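Report on the structure given below.
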Amino acid sequence: MPKNPSKSAEPRDRAGASVVGWLLVGLVVLFGGSYAAAHYVAGDRVPRGTTVSGVDIGGHPQGEAAERLQAGLADKVARDITTTVDGQPVSIDPAAAGLDVDYDASVAEAGGESTWDPVRLWNYFTGGDATEAEVVVDDTAYNAYLTTLDDQHGEAAVDGAVAFEGGEITRTPAVTGRALDPADTLAALRAAYLADEPGTVELETTDVVPAIDDTDVQAALDSFASPAVAAPVTIDFQGSSVKVFPKDYAAALSLVPTDGTLVPTLDPAKLAEVVGAKVTTGAPVDASVQLVDGRPQVVPAKPGVTFDQAQLEAGFLDVVAQPQGQRTLALDAQVAQPEFTTKQARALKVKEKVSSFTTYFPYAEYRNVNIGRAAELINGTLLEPGETFSLNDTVGERTEANGFTEGYIINDGILVQDLGGGVSQMATTTFNAMFFAGLEDVEHKPHSFYIDRYPVGREATVAWGAVDLRFTNDTPYGVLIQADVTPSTPSSSGVATVSMWSTKWWDVTTTTGERHNPTQPKTRRIDTLKCHPNTGFGGFDIDVVRYFRPVGANTEQRDPETFSTTYIPSDTVICTNPDATDG
């Protein structure tokens with residue numbers, strides 16, 4: 001039988017393969033050892049012959065290479081960059097502009113880093129490249145520096161604007177600005193920063209278009225601003241309407257730049273103030289007549305309105321931009337009408353000063369307090385036709401709680417202290433203002449004895465609960481009472497003035513007769529601890545006549561009116577108690 005040749009060759013093939021395998025292992029070990037040796041030699045050294053921005057750092061470890069690079073670039077980094085901005089010479093400090101060098105990153109980029117990358121190992125032994133340093137920028141510092149350059153050499157763009165001033169529109173035209181382009185400027189500065197011969201960098205400003213241009217302004221004028229001030233807005237509180245006018249509500253409006261347009265914006269607090277001048281939340285407010293800048297003026301009534309403020313704010317911006325005839329904003333509301341309307345107040349025709357009277361008083365602090373307080377309470381009183389004035393009702397009881405203090409009054413023919421002393425000065429002044437206004441005297445009582453700072457026969461005293469000053473407005477017009485007091489000082493007399501404002505109905509004149517029926521004073525000796533000594537004088541009778549002449553629309557005739565007064569003597573008072581005081 002023949003032999004199988006394949007079986008006899010198999011041992012020899014296995015032996016050959018084993019030899020080849022061990023040879024390959026040997027080669028790998030040999031190459032790996034060499035590769036490791038190369039990596040050990042190169043380490044983190046920069047490839048030989050490497051330069052960064054002209055500085056040779058080849059063959060040095062990364063840290064040392066970074067230090068050599070920093071030293072080599074020191075002069076370039078420290079020098080200013082010479083530029084012109086629109087032809088004007090400008091020297092730029094690169095550090096102030098936010099420019100700097102990242103030395104470690106520059107070395108790493110040049111190959112100075114530990115790696116097993118065979119390409120990097122090959123470069124180390126065969127030679128490095130010429131690279132540029134890594135320039136870094138502090139964006140915050142750069143932007144701030146660029147803003148400074150723009151402020152000095154450019155021109156700021158001005159947004160167009162629309163504003164309201166007292167119901168009028170003011171328009172600010174848009175202005176195109178000039179500024180350095182941030183990206184182009186930075187690129188030019190970076191290029192010159194470490195250049196061997198940077199020369200002069202020529203920088204040019206470019207146009208800066210405002211965010212709000214004239215087209216935006218015109219659109220805002222047409223769509224909102226012009227209609228807003230064209231006519232008043234009517235606010236309808238379910239049947240009770242009030243008008244608010246542009247000069248009043250314009251302060252609550254503004255046009256705010258938003259994403260390139262002017263957006264109408266409302267100030268709710270200012271709008272509430274405007275509407276609050278027309279209505280009052282809750283109880284209504286009657287009309288009144290007050291002196292404004294020295295002249296009588298009707299202060300309009302305000303209906304009491306309860307409404308949703310948010311509803312007003314939500315609808316106002318829309319209605320204020322509507323054309324005439326569509327400028328009514330209806331609100332859900334509850335309305336209470338005032339009892340005394342603006343129309344009624346105007347019908348009183350309080351237009352002019354029809355009388356004024358002034359008296360003077362010597363210094364005493366209690367007089368300043370009491371006369372001043374009485375004037376404060378009387379001032380602003382408005383009498384409608386047929387209405388009667390009462391000083392006691394108007395001033396109230398003279399108590400400390402009501403603002404009064406103790407002073408001298410006349411009691412039983414002598415001076416004693418009591419609360420409210422001095423108020424009769426205001427009573428006398430008011431009586432004379434009434435007298436010359438031609439109003440009807442209802443009740444007045446002269447002082448018991450004559451006080452020479454008052455006009456004889458034309459003066460009045462008051463006492464709470466006993467003696468009052470009352471008069472009636474018997475003219476067809478309203479009467480506004482104005483009362484002023486200038487306090488006395490140790491060196492000057494006090495001044496009390498009362499004026500009546502109305503429409504003149506009577507021209508009043510007066511005569512004063514002779515004193516008659518004289519009476520003599522007595523002498524009183526008082527032994528109390530509280531005693532005010534007095535040198536007496538005699539009493540007398542006096543007649544004063546008031547004459548009426550109709551003026552204006554008045555066709556009435558009135559007989560003269562006589563005021564007869566009897567003054568009792570002012571007794572001499574001798575204080576006999578050695579410890580007596582005026583207090």
Side-chain angles (χ1 to χ4, degrees), residues 232 240-245 247-248 277-280 284-304 337-358 375-391 393-395 426 429-444 469-484 496-510 546-561:
S240 179
S241 297
V242 297
K243 284 187 177 182
V244 288
F245 293 86
K247 66 182 180 62
D248 299 318
K278 301 289 185 179
V279 301
T280 180
V285 175
D286 286 342
S288 63
V289 181
Q290 299 177 11
L291 291 177
V292 179
D293 297 328
R295 298 295 302 172
Q297 180 173 309
V298 172
V299 178
K302 297 181 184 180
Q337 296 295 343
E339 293 183 2
F340 187 58
T341 67
T342 304
K343 182 178 181 180
Q344 290 172 314
R346 288 176 177 149
L348 295 179
K349 296 185 179 180
V350 178
K351 297 180 178 180
E352 59 186 328
K353 187 183 293 186
V354 297
S355 71
S356 186
F357 199 80
T358 297
E376 180 183 5
L377 294 168
I378 292 171
N379 187 51
T381 299
L382 179 65
L383 298 179
E384 297 181 45
E387 190 172 1
T388 297
F389 171 87
S390 164
L391 188 142
D393 289 348
T394 303
V395 172
M426 184 52 59
T429 312
T430 304
F431 173 81
N432 277 273
M434 174 281 300
F435 183 95
F436 287 103
L439 304 183
E440 179 186 359
D441 175 43
V442 175
E443 176 186 353
H444 87 279
L469 168 64
R470 295 191 301 140
F471 52 86
T472 297
N473 174 18
D474 57 347
T475 76
Y477 307 115
V479 174
L480 176 66
I481 304 176
Q482 178 188 13
D484 298 304
T497 300
V498 174
S499 302
M500 302 283 177
W501 296 80
S502 184
T503 291
K504 200 167 182 64
W505 189 246
W506 296 108
D507 186 9
V508 173
T509 57
T510 185
R546 178 166 64 159
Y547 302 92
F548 302 87
R549 183 178 68 84
V551 295
N554 187 7
T555 59
E556 297 181 27
Q557 297 296 323
R558 178 175 291 184
D559 294 334
E561 184 178 14

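Being a predicted model, the structure only gives us computed values, none of them experimental.
Atoms CZ and OG, on Phe435 and Ser355 in that order, are 11.0 Å from each other to the nearest 0.5 Å. Atoms OG1 and CD, on Thr510 and Glu561 in that order, are 10.0 Å from each other to the nearest 0.5 Å. Here CG of Asp559 is found 11.5 Å from OH of Tyr547. Values are rounded to the nearest 0.5 Å. For the atom pair OG1 of Thr497 and CE of Met426, the computed distance is 8.5 Å after rounding to the nearest 0.5 Å. With rounding to the nearest 0.5 angstrom, the CG atom of Leu391 is 4.5 Å from the CD1 atom of Ile378. Rounded to the nearest 0.5 Å, atoms CH2 (Trp501) and CG (Leu480) are 8.5 Å apart.
Under a 3.5 Å cut-off, the side chain of Glu352 and the backbone N or O of Lys504 do form a donor-acceptor pair. No donor-acceptor pair under 3.5 Å is formed between the side chain of Asn473 and the backbone N or O of Glu387. A donor-acceptor pair is defined here as one N or O able to donate and one able to accept, closer than 3.5 Å; such a pair exists between the side chain of Thr503 and the backbone of Lys349. No donor-acceptor pair under 3.5 Å is formed between the side chain of Ser502 and the backbone N or O of Val350.
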**Item:** Working for side-chain contact (heavy atoms from CB on, under 4.5 Å), residues Phe471 and Val479
**Value:** CA-CA 12 Å; Phe471 52 86; Val479 174; over 6 Å; no

**Request:** Applying side-chain contact (heavy atoms from CB on, under 4.5 Å), run through Trp506 and Val354 and close with a yes or a no.
**Result:** CA-CA 9 Å; Trp506 296 108; Val354 297; over 6 Å; no

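Shown here are the side-chain hydrogen bond (donor to acceptor under 3.5 Å, both in side chains) partners of Ser240, two or more places apart in sequence or in another chain: Gln337. Residues passing the side chain to side chain contact (heavy atoms under 4.5 Å, CB included) test with Thr472 are Thr388, Glu440, Val442, sequence neighbours excluded. Residues satisfying the side chain to side chain contact (heavy atoms under 4.5 Å, CB included) test with Thr381, not counting sequence neighbours, are Leu383, Phe389, Thr394, Ile481. Residues satisfying the side chain to side chain contact (heavy atoms under 4.5 Å, CB included) criterion with Thr342, sequence neighbours excluded, are Ala287, Val298, Pro300, Ala301, Arg346.
Taking every heavy atom of both residues into account, Ser499 and Ser356 meet most closely at OG-OG, 2.8 Å. The two atoms that bring Val289 and Ala345 nearest to each other are CG2-O, 4.2 Å, heavy atoms only. Between Pro338 and Asp286, the shortest heavy-atom contact is CB-OD1, 3.5 Å. Contact detail for Lys278 and Lys243: the closest heavy-atom pair is CE-O, 3.1 Å. The two residues Asp474 and Gly438 come nearest to each other via the heavy atoms OD1-O, 3.8 Å.
Residues Thr509 and Arg549 are not in side-chain contact: their nearest non-hydrogen atoms beyond the backbone lie 4.5 Å or more apart.
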Identify every side-chain donor-acceptor pair in residues 550-557 under 3.5 Å, counting partners at least two apart or on other chains, and give the distances.
{"from": "Asn554", "atom 1": "OD1", "to": "Glu556", "atom 2": "N", "distance (Å)": "2.8"}
{"from": "Asn554", "atom 1": "ND2", "to": "Trp505", "atom 2": "O", "distance (Å)": "2.8"}

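Screening residues 293-302 for side chain to side chain donor-acceptor pair (under 3.5 Å), with sequence neighbours left out, gives no hits.
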